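Bear in mind the structure is a predicted one, so any value in this text is a computation, not a measurement. In what follows, chains are A, B, ... by sequence order, proteins preceding strands, each numbered from 1.
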Amino acid sequence: MPELLVIWGPLLLAAAHIVVFTAWTVWISFTASTLMPANEFVGLRNYSSVLATRNWKIAFDNLFVFGGGFVAFTMLTGLLLAILIDQRIRGENVLRSIFLYPMAVSFVVTGVVWSWLLNPGMGIQKLVNDFGWAGFRFDWIVDREMAIWTIVLAGVWQAAGFAMALLLAGLRSVEPDLIKAAQIDGAGPVRMYTRVILPTLWPIMVAVLVILLQMAITTFDLVRALTGGGPGIATQLPALVVYDFMFQRGQIGRGAAAAVLMFLILLGVLVPHALFKYARKRRAADA
Amino acid sequence: MSALSLKGITKAFGSMPVLKGIDMEIENGEFTVLVGPSGCGKSTLLNIIAGLEPATGGTVEIGGRIVNDVAPKDRNIAMVFQTYALYPSMTVRQNITFGLECRNVPKREREAAVTRVAALLQIESLLDRKPSQLSGGQRQRVAMGRALVRDPLLFLFDEPLSNLDAKLRVEMRMEIKQLHQRIRSTNVYVTHDQIEAMTMATRIAVMHQGEVQQFADPDTVYNRPANLFVARFMGAPPMNTLPARIETAAGGVRAVVGRGETAVALPLPAAFAAQAGREVVLGLRPECIAEEDRRFGHGGERVTLELPVEMTEPTGAETIVLARLGGERALARVSPDVRLRSGDRGRFVLDMRRACLFDPGTGALIA
Ligand SMILES: Nc1ncnc2c1ncn2[C@@H]1O[C@H](COP(=O)(O)OP(=O)(O)OP(=O)(O)O)[C@@H](O)[C@H]1O
Ligand SMILES: [Mg+2]
């Protein structure tokens, strides 16, 4: 079993890191730590003060808008792209690489590029204005209400190709006889997808959904680079709040509390998914 | 008017020819079985008939109408797949009616059709289950139901029984045959199981390397195989094929197998006299070589020989014996009462009336 030993070392080390740092963070969140870690236990005080800040409230609300928008539009765009490419069009490989490429780009780069594109003074708005449509406005990025949607836009741009790749693999693994049977039964393209192909795809869709939700909850660098959380704190997200408490204001205890809250949100997605997978396996074993 | 007519069907995948000119006329009510070894193009031909795959050349006519450019759904066909291909998210009822739904048949008629088909196949109690809750045999029935419900001109089957266990396969084989006799459907049935072919078909098309080797009723295919490929493919154990010379002697026509010491002369029907002097391949079914006291159903040419036994394979109902005949290996089917052991010399009787002669060069049947 030498291979096993080789892999167990790093694996244990990595697992130990995760467990130790998580545990440490949880401990810190119950202490009066400020600039430096301190061991004075203060109970849930950090939590109540974090939950009371406007910063956290906005971040929490934004998470729903951003998470919902990002996941929904990424799935939809990814599915549309996958269905398009599934038509065995020419240049499929090239297109697939192009769509997948954004995923290879760092979120920071995406954020910076989109911040230029969305900047009313130098991006898309300026381009359209210069073409002669002087009244054209596209200034979401400086609009308190709409700014969060620019993050959705950039996030979707980046992740749609990834969703497409997984969904396309799913579309391609649909049993060919099933499609033949539906062709003979006379299903048109819409029925073919809605009644025959997509229903066999939902386990993959759930997996994509969970990955995207995880991405949404932990989003940090994209917002940092695109809006920096602004205008004001209009595009604040939980990860930015953690960063803000820990490294800007020197309130490690509160930062840790925010981090633990974020972790709980993440568990809110992962635990149901794990239960769902377990139930499915049980059902498959029973059948 | 024939139900299905194929004229010069060719198919190539890239530069690889898979079908090399298939011609076939299938009449209404016929049960045609396409049989052949794996990769000979059976599924490809079936897909071309269904319109799921375009032919490279040739025409497909269904019910007298050329359908080369007609979509599968408009060809008036139904197909049953090896994998059953049931829609996993739909109930049995929805699976069966999906084709009607796509054709905008009103709900009342759909319900009536399901009821009729479910009764025919005895699947009434399964209608509200999902395919994942069915056994292999039940799925097979549902797949048949989906085909039957539309009452098409032509039923296509692609190895529908090969995923079932042996016992169920025999049952379903009989059921499909009975169903055909009851509703007089026109069936094209692909299998590589030659027992299925023999038992169900009204006509068998034996395919090999993209060509139809023989297209005839089961009796002809079995007893008068068109060439050596068919002779060796159909029947288990396969036909013995022995190199021989045809001679005429005082007693009549004989086939001489082997040379010198071990040579054996076998009397042939007088009709084979025309082949005198030729080198041939003599084809003899294993059941034409039996234990000495066997009576064949006629009084024709028979010969008794003592042959060395190399091996025996008891199957219960009979024993397959591998013997040496004129230096060649030959299989015999003897009664299980005959206790032979390898190394013995056994006495056998040969039924020469059913012998076939093949050309050793082309492999074609000559007499
Ligand atoms: N889409 C395809 N592209 C390239 N070659 C193919 C394709 N489909 C089939 N072939 C080839 O065509 C030949 C015939 O295939 P086909 O599936 O018709 O065989 P078959 O007689 O049905 O065999 P089996 O009994 O194994 O089902 C095979 O050599 C196969 O490799
Ligand atoms: Mg096949």
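Rounded to the nearest 0.5 angstrom, A/K180 NZ and B/D158 CG are separated by 7.5 Å.
Residue B/R75 does not touch chain A at all, counting heavy-atom pairs closer than 4.5 Å. Only the backbone of B/L86 comes within less than 4.5 Å of a heavy atom in chain A; its side chain stays farther off. For B/A78, the part sitting under 4.5 Å from any heavy atom of chain A is the backbone (N, CA, C, O) and nothing else. Only the side chain of B/N47 comes within contact range of chain A, with heavy atoms under 4.5 Å apart.
Between chain A and the residues B/E101, B/Q82, B/M79, the largest count of heavy-atom pairs under 4.5 Å involves B/E101. By number of non-hydrogen pairs under 4.5 angstrom with chain B, the leading residue of A/E175, A/Q183, A/R195 is A/R195.
For A/F276, the CZ atom sits in a packed shell: over 12 heavy atoms of surrounding residues, nucleotides or ligands are nearer than 6.0 Å. Environment of CZ in A/F99: crowded, with over 12 heavy atoms of neighbouring residues, nucleotides or ligands closer than 6.0 Å. Around atom CD of B/Q122, no more than 12 heavy atoms belonging to other residues, nucleotides or ligands sit under 6.0 Å away. Counting non-hydrogen atoms of other residues, nucleotides and ligands closer than 6.0 Å to OH of A/Y193 gives a total above 12. For B/F13, the CZ atom counts as densely surrounded, since its 6.0 Å shell holds more than 12 non-hydrogen atoms of other residues, nucleotides or ligands. Within a 6.0 Å radius of CZ in A/F60, other residues, nucleotides and ligands contribute 12 heavy atoms or fewer.
Summarising the geometry of B/S89 relative to A/P199, their closest heavy-atom pair is OG-CB, 3.2 Å, with the distance given to 0.1 Å. Contact between A/I184 and B/R103 at its shortest, heavy atoms only, is O-NH2, 3.4 Å.
Counting heavy atoms from C-beta on, the side chains of A/D185 and B/R146 come closer than 4.5 Å. The shortest side-chain heavy-atom distance between A/V196 and B/F98 falls under the 4.5 Å cut-off.
Looking only at distances, no side-chain donor or acceptor of B/Y87 sits under 3.5 Å from a matching main-chain atom of A/I197.
A donor-acceptor contact closer than 3.5 angstrom is absent between the side chains of A/D177 and B/Y84.
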